[in-house]
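These numbers come from the heavy atoms of this one structure, side chains and all, not from hydrogens, waters or symmetry mates. Just so it is clear, the structure is predicted and the values come from calculations on it, not from any experiment.
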Amino acid sequence: MIKLKINGVDVSVEEGSTVLEAAQFLGFPIPTLCHMEGLTPYGACRLCVVEIGNPPRSKLVSSCTYPAEDGLVVRTSSERVMRARRMIIELLLATCPQSKIIQDLASKFNVRQQRFKQEYEDCILCGLCVRMCEEQMMAKAIGFRGRGENRSIGTPFDIKSEVCRQCGGCIYVCPACQLRCTYNEPEKAICGGCANLAPPCLEKENFHDMMCYMDPCVACEIRKENN
Amino acid sequence: MQQVEIADILARHGEKEGGLISILESIQAKYGYLPREALEEVAEKTGHALVDVYGVATFYKAFSLKPRGKHLISVCLGTACHVRGGPQIAKEVKRQLGIRPGETTPDKEFTLETVNCLGACALGPVVVIDGHYFPNVKTSMVKGIIDRARDGLDKVEVDKDARVFPIEVSCARCNHSLMDTEHKLDGYPSVRVTVSFGQKHGWLELSSLYGSYNTSSKYEIPENTIVNFFCPYCNAELMGGSLCSECGAPMVPMIVRGGGMVQICSRKGCKGHMLDLL
Ligand code: SF4
Ligand code: SF4
Ligand code: FES
Ligand code: FES
C-alpha cells in the first residue's frame with residue numbers, strides 16, 4: 001500500500017494507482033476529459049491537473065498519468081489548480097465551442113469568457129477514440145496523423161478502413177462528437193443552440209449502419225418522422 | 001514488380017522490431033516518396049497496424065506521401081536564415097516555379113519544401129537542391145540556381161572532380177576556419193575537426209587537397225563506421241541535412257573560402273563528396 005496525503009487527508013491506496021484514482025477513491029472530484037476507465041491514461045487534455053508538493057516548490061501535474069507515490073502531498077483544488085483548470089477550459093472552448101461536454105465544463109467551472117481566437121474544430125485531439133478503437137475494439141482502424149497544426153484523427157489515406165467494424169465506439173467516447181451542435185452559425189455555438197438538435201448523422205449517409213449509443217436519439221426520431 | 005522490391009527492402013532490414021523509420025527511409029530513397037501500396041505492404045509484413053505506419057509516415061517531414069519531382073529544392077527558413085531573408089528567397093522560388101512548399105511542378109521536375117535549419121546557419125539564407133548547398137542566396141540568384149539544377153547539378157561537378165587543388169574551409173555553423181597550419185597533409189595545411197564514434201572522441205585531420213582522401217586521426221577509425229563530426233571551436237555538430245549519394249550516410253557540409261560549399265561523406269572509407277563553388 002502507498003500512503004499519501006490528498007487535500008490534507010491521509011490516504012493509502014494500492015500500489016500502481018494513479019493520483020487520479022487515489023483522489024476519486026477518496027471522493028475528491030477531479031474533472032477529466034481524455035481519461036476513461038478501461039483505456040490507457042494519455043494525459044492529453046490536462047484538465048485533471050493537481051498540485052503536488054508544498055508551495056512555493058509545488059508543481060502542476062496531470063493526475064491521470066501521475067503515479068501515486070509514498071509521501072506525496074496532493075491538492076486537487078487549490079487556487080493555482082483552479083486557475084490552470086479554467087484556462088484549460090477556456091482554451092478548449094476556443095478550439096471546439098460546439099461540444100456540449102466542454103460547454104458543460106465551462107459552466108460548471110464558471111468560465112464566462114473566451115479570450116482567444118475562436119476556432120471551430122471538430123476534434124480536440126484527446127485521443128479517446130484512438131484508444132477506444134485499439135484497446136477495446138481491437139481494431140486499430142483510426143489513429144493520429146500528421147503533426148503540429150496539421151495533426152488530425154482518421155483512417156490511413158482517409159479512405160474507408162478495412163479493419164473498422166463500424167461499431168461506433170469512437171463516436172461514443174468523443175467529447176466533440178457527442179451532442180455536437182450543427183454549428184450552422186458558428187458564432188452562436190456557445191449559446192445553447194443545441195436545443196435545436198440536428199446531429200451530423202442526419203445529413204451524412206455513412207452514419208446509416210452505425211450503432212448508436214445515444215438511444216433514444218432525437219436525430220433518429222426526426223429521421224423516422226421524415227421517412 | 002514493386003512488391004518484389006519492397007519485399008527486398010524489408011528482407012534487408014531483417015525481422016527486428018523498431019526498424020520502421022529506416023524501412024520507410026529506404027522506400028523513400030528508392031521511389032522518392034512513399035507509395036500507398038508500399039505502406040500497406042510494410043504494415044502487413046512487419047505486423048504493425050496500418051494506422052501506425054501511416055502515423056509515422058505523416059509525422060516526419062522527411063517523408064512524402066505524394067510523388068516528388070526529379071529535383072528537390074529545400075529553402076531554409078530556420079531562425080538564422082529567416083532573419084537573413086529566407087522568406088524572400090522562398091517567395092522568389094515559389095514565383096519562379098509557380099508552386100507552393102510541399103508541391104511539385106506539373107512537369108514533375110521540381111518539388112519545393114521549406115525546412116527549419118540545415119546546419120549551415122553562417123551561410124544563410126541557404127537553399128539546398130538535390131543535396132547541393134547554395135549559400136548566401138539572393139533573390140536575383142534564384143533563377144540561375146534553378147536553371148542549373150534543371151541541367152543537373154551532378155553533371156557540373158564531374159569536371160571539377162578531375163582537378164586536384166587545395167581548398168580552405170571553415171565551420172558551416174560558426175564560420176571559424178578549420179585549417180590547421182601546424183599539421184600538414186599532402187604538403188598543405190590540414191582540415192582539423194573533432195570526431196566521435198562509439199565511445200571514442202578525438203581529432204581528425206583531413207587533407208585539404210580536393211581529390212585526396214588522406215587523413216590522420218587520434219583513434220583508428222574502422223572502415224564503414226559513420227562518424228560524427230564536430231567543429232573544434234563552436235562544438236556544433238557538423239552533420240548536414242543531405243545524404244551521401246554513394247552510400248546514404250549523412251553528409252558533412254563545410255564552407256569553402258571564396259564562396260561555396262564542400263560536403264564530405266561521414267562514412268569512413270566512402271569517397272562520396274560534393275563541391276559547389278560560386
Ligand atoms: S467504428 Fe471503426 S474506427 Fe470507430 S472504434 Fe469502431 S472499429 Fe474503431
Ligand atoms: S475525434 Fe473526438 S475522441 Fe477522437 S481525439 Fe478528437 S475529440 Fe477526442
Ligand atoms: S484527464 Fe488527465 S490529462 Fe486529460
Ligand atoms: S537557419 Fe538556415 S541553416 Fe540554420
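In plain terms, the two heavy atoms of A:R151 and B:F59 that are nearest each other are NH1-CD1, 3.9 Å. Minimum interatomic distance between A:R147 and B:K61 (heavy atoms only, all atoms of both residues): NH2-N, 3.9 Å. Minimum interatomic distance between B:V51 and A:A141 (heavy atoms only, all atoms of both residues): CG1-O, 3.4 Å. Taking both residues in full, the closest heavy atoms of A:T155 and B:Y54 are given as O-CE2, 4.4 Å, listed atom of the first, atom of the second, then distance.
Of the atoms belonging to A:F144, it is backbone heavy atoms, and not side-chain ones, that fall under 4.5 Å from chain B. Interface remark: A:I159 contributes side-chain atoms only to the contact with chain B (heavy atom separation under 4.5 Å).
In A:E14, the CD atom is not crowded: 12 or fewer heavy atoms of neighbouring residues, nucleotides or ligands sit closer than 6.0 Å. Counting non-hydrogen atoms of other residues, nucleotides and ligands closer than 6.0 Å to OH of B:Y60 gives a total of 12 or fewer. In the displayed structure, A:F109 atom CZ is contacted under 6.0 Å by more than 12 heavy atoms of other residues, nucleotides or ligands. Shown here is A:Q113, whose CD atom has more than 12 heavy atoms of other residues, nucleotides or ligands within 6.0 Å.
Contact count versus chain A (heavy atoms, under 4.5 Å) is highest, among B:L65, B:D52, B:V53, B:V56, for B:D52. Between chain B and the residues A:S161, A:G148, A:P156, A:G143, the largest count of heavy-atom pairs under 4.5 Å involves A:P156.
Qualifying side chain to side chain contact (heavy atoms under 4.5 Å, CB included) partners for A:N150, counting only residues two or more places apart in sequence or in other chains: none.
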